[in-house]
Peer 1: 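Below is the structure I would like to discuss, written out as structure tokens.
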Amino acid sequence: MTIEQLSRHPLIALAAPYDFALSISFWQLSTLELCEQWADGVYRRVIVHNGRPVVLSLHQAGTVDAPAVWAALDQQPATLEETQQLAPLVRQLLGDDADLAGFYEAVAHDPVMASLTQLLRGTRPPRSPAWETLCWVVIGQQISLPFARTLKTRLVQGYADSFDVAGRTLFHFPSPERLASVAVEALLPLQFSRNKASFIVGLAQAIVEERLDLLALTDMPTAQAVPYLMQFRGIGRWTAEFTLMRALGRRDALPANDAGVRQAIAALYGQRLAEPELRVFAQRWGDWQGTAALYLFSWLKTQRLAPQAAA
DNA sequence: TTCCAGGACGACA
DNA sequence: TGTCGTCATGGA
């Protein structure tokens with residue numbers, strides 16, 4: 001399908017450079033295909049629109065240097081009015097405010113990171129809602145990615161609404177209200193540890209009881225948001241930083257204790273660093289350490305996917 | 001069998 | 001404040 005044909009639809013222009021496919025497939029090994037999907041060049045996620053859950057589909061239209069998407073709601077192309085209404089959310093979902101050019105310039109002095117920015121040019125990982133992200137990250141604490149994925153799948157299969165789209169099942173992540181009412185014991189048969197189950201339920205209850213305000217994170221600098229999150233049981237520094245990086249796209253939020261970050265630095269820079277040393281090491285990226293971490297993750301993803309793609 | 005995974009918490013010195 | 005044991009499972 002050509003751009004001309006696609007241009008029948010109202011377009012949402014995005015900041016360049018932006019590689020839609022590269023960016024969306026970023027989380028392919030973790031959360032993708034449960035609450036968000038990437039198939040046939042289309043990104044799908046369930047959103048609440050005018051008070052009801054609908055399947056939002058984003059179709060690529062444009063190029064890396066002139067990027068744009070067009071939207072559909074429940075498989076029907078959005079009207080001009082709907083597109084205008086959806087544009088801010090779409091831009092937020094796609095991390096359109098991330099200043100990639102600024103990042104590339106800031107790390108140009110680091111040959112390794114500079115080569116990554118060339119290899120992954122236009123990568124701007126999609127963001128997911130803070131509550132959904134926080135749960136994903138808590139689930140992912142300490143366990144392997146495949147097992148984390150198993151737990152995530154069981155959680156959404158048990159507690160999320162599902163939508164059949166293009167022959168696939170798409171889940172709408174359960175709200176805090178839904179998970180706050182779940183008994184910790186009910187998650188144990190899903191192979192959640194008691195700690196992990198109580199963290200998830202407890203955080204949901206904190207939101208319902210308005211002790212935890214994830215919306216307030218938007219207006220907090222990262223240095224304030226990290227200790228704010230860490231007040232709550234189940235959220236350590238890694239979880240706070242990972243959530244801020246993933247959900248809010250904080251360029252200065254570096255999950256320095258992350259095994260993936262350490263692994264990527266060991267592979268690319270030849271240095272196996274513990275958390276304190278890694279934080280010092282990361283100062284070379286200035287306040288772009290979170291964005292740099294995303295590029296390290298993205299590079300790791302290409303390494304992990306390569307053998308599977310060849311198989 | 002041991003160690004490591006996209007850790008956090010609580011006890012203890 | 002820093003260290004260590006514990007939780008919990010799967011895979012290499």
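All figures in this text were calculated on a predicted structure; none of them were measured in a lab. Each chain gets a letter, A, B and so on, in the order the sequences are listed, and its residues count up from 1.
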Peer 1: How many whole angstroms separate atom CD1 of A:Ile235 from atom C1' of B:dG7?
Peer 2: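 Spelled out: CD1 on A:Ile235 to C1' on B:dG7 is 13 Å.
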Peer 1: Atom CG of A:Leu203 and atom P of B:dA8: how far apart are they, to the nearest Å?
Peer 2: 12 Å
Peer 1: If you assign each of A:Phe199 and A:Gly140 to its closest nucleotide in DNA chain B, which residue comes earlier from the 5' end?
Peer 2: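 It is A:Gly140 whose nearest nucleotide is closer to the 5' end.
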Peer 1: Quick check for you: to the nearest 0.5 Å, what is the distance between A:Ile12 atom CD1 and A:Leu94 atom CG?
Peer 2: 8.5 Å
Peer 1: If you check every side-chain atom of A:Phe147, which of C:dT9, B:dA5, B:dC9 has the closest atom?
Peer 2: C:dT9
Peer 1: Considering every strand and a 4.0 Å limit on heavy-atom distances, what is the contact class for A:Gln141: base, sugar-phosphate, or nothing?
Peer 2: sugar-phosphate
Peer 1: Is the distance from the ring center of A:Trp285 to that of A:Phe103 below 6.0 Å?
Peer 2: no
Peer 1: Of A:Trp238 and A:Phe232, whose closest DNA chain B nucleotide lies nearer the 5' terminus?
Peer 2: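 Its nearest nucleotide lies further toward 5', so the answer is A:Trp238.
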Peer 1: Measure the distance from CZ on A:Arg262 to C1' on B:dG6 and round it to the nearest whole Å.
Peer 2: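 A:Arg262 atom CZ is separated from B:dG6 atom C1' by 10 Å.
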Peer 1: Calculate, to the nearest 0.5 Å, the distance between atoms CZ and CG belonging to A:Arg45 and A:Leu170 respectively.
Peer 2: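 The CG atom of A:Leu170 is 8.5 Å from CZ of A:Arg45, to the nearest 0.5 Å.
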Peer 1: Can you tell which of B:dG6, C:dC7, C:dT9 lies closest to the side chain of A:Asn195?
Peer 2: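 That would be C:dC7.
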Peer 1: What's the CD1-C1' distance between A:Ile200 and B:dA8, to the nearest Å?
Peer 2: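 A:Ile200 atom CD1 is separated from B:dA8 atom C1' by 13 Å.
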Peer 1: Give A:Phe192 one of three labels, base, sugar-phosphate or nothing, depending on what nucleic acid heavy atoms sit under 4.0 Å from its own.
Peer 2: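 If one applies the 4.0 Å heavy-atom cut-off, A:Phe192 turns out to touch nothing in the nucleic acid.
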Peer 1: What is the distance from CD of A:Gln191 to P of C:dA8, rounded to the nearest Å?
Peer 2: 12 Å
Peer 1: Report which part of the nucleic acid A:Arg272 touches: base, sugar-phosphate, or nothing (heavy-atom distance under 4.0 Å, all strands).
Peer 2: sugar-phosphate
Peer 1: Out of B:dC9, B:dG6, C:dA8, which nucleotide sits closest to the side chain of A:Phe242?
Peer 2: B:dG6
Peer 1: Is the centre of the A:Phe281 ring less than 6.0 Å from the centre of the A:Tyr269 ring?
Peer 2: yes
Peer 1: Atom CD1 of A:Ile265 and atom C1' of B:dG6: how far apart are they, to the nearest Å?
Peer 2: 14 Å
Peer 1: Using a heavy-atom cut-off of under 4.0 Å over every strand shown, decide if A:Ser193 touches base, sugar-phosphate, or nothing.
Peer 2: sugar-phosphate
Peer 1: Using the P atom as the reference point in each nucleotide, state the distance between B:dC3 and C:dC4 in Å, no decimals.
Peer 2: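 It comes out at 15 Å once rounded to the nearest Å.
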Peer 1: What's the closest nucleotide to the A:Thr239 side chain, out of C:dA8, B:dA5, B:dA8?
Peer 2: B:dA8
Peer 1: Can you tell if the side chain of A:Leu203 reaches within under 4.5 Å of the side chain of A:Val138, non-hydrogen atoms only?
Peer 2: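 They are in side-chain contact.
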Peer 1: Calculate the interatomic distance between A:Ile143 atom CD1 and B:dC3 atom P; express it in whole Å.
Peer 2: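 Answer to the nearest Å: 21 Å.
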Peer 1: Parallel, tilted or perpendicular for A:Phe242 and A:Trp238, by the 30°/60° rule?
Peer 2: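 The arrangement is tilted - the two ring planes meet at 30° to 60°.
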Peer 1: Under 4.0 Å between a side-chain N or O of A:Arg246 and OP1 or OP2 of B:dG6?
Peer 2: no
Peer 1: What's the gap between B:dG6 and C:dG5 when it is taken at their C1' atoms, as a whole Å value?
Peer 2: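 It works out to 23 Å between them.
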Peer 1: Separation of A:Gln263 atom CD from B:dG7 atom P, in whole Å?
Peer 2: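 Taking CD of A:Gln263 and P of B:dG7, I get 11 Å after rounding.
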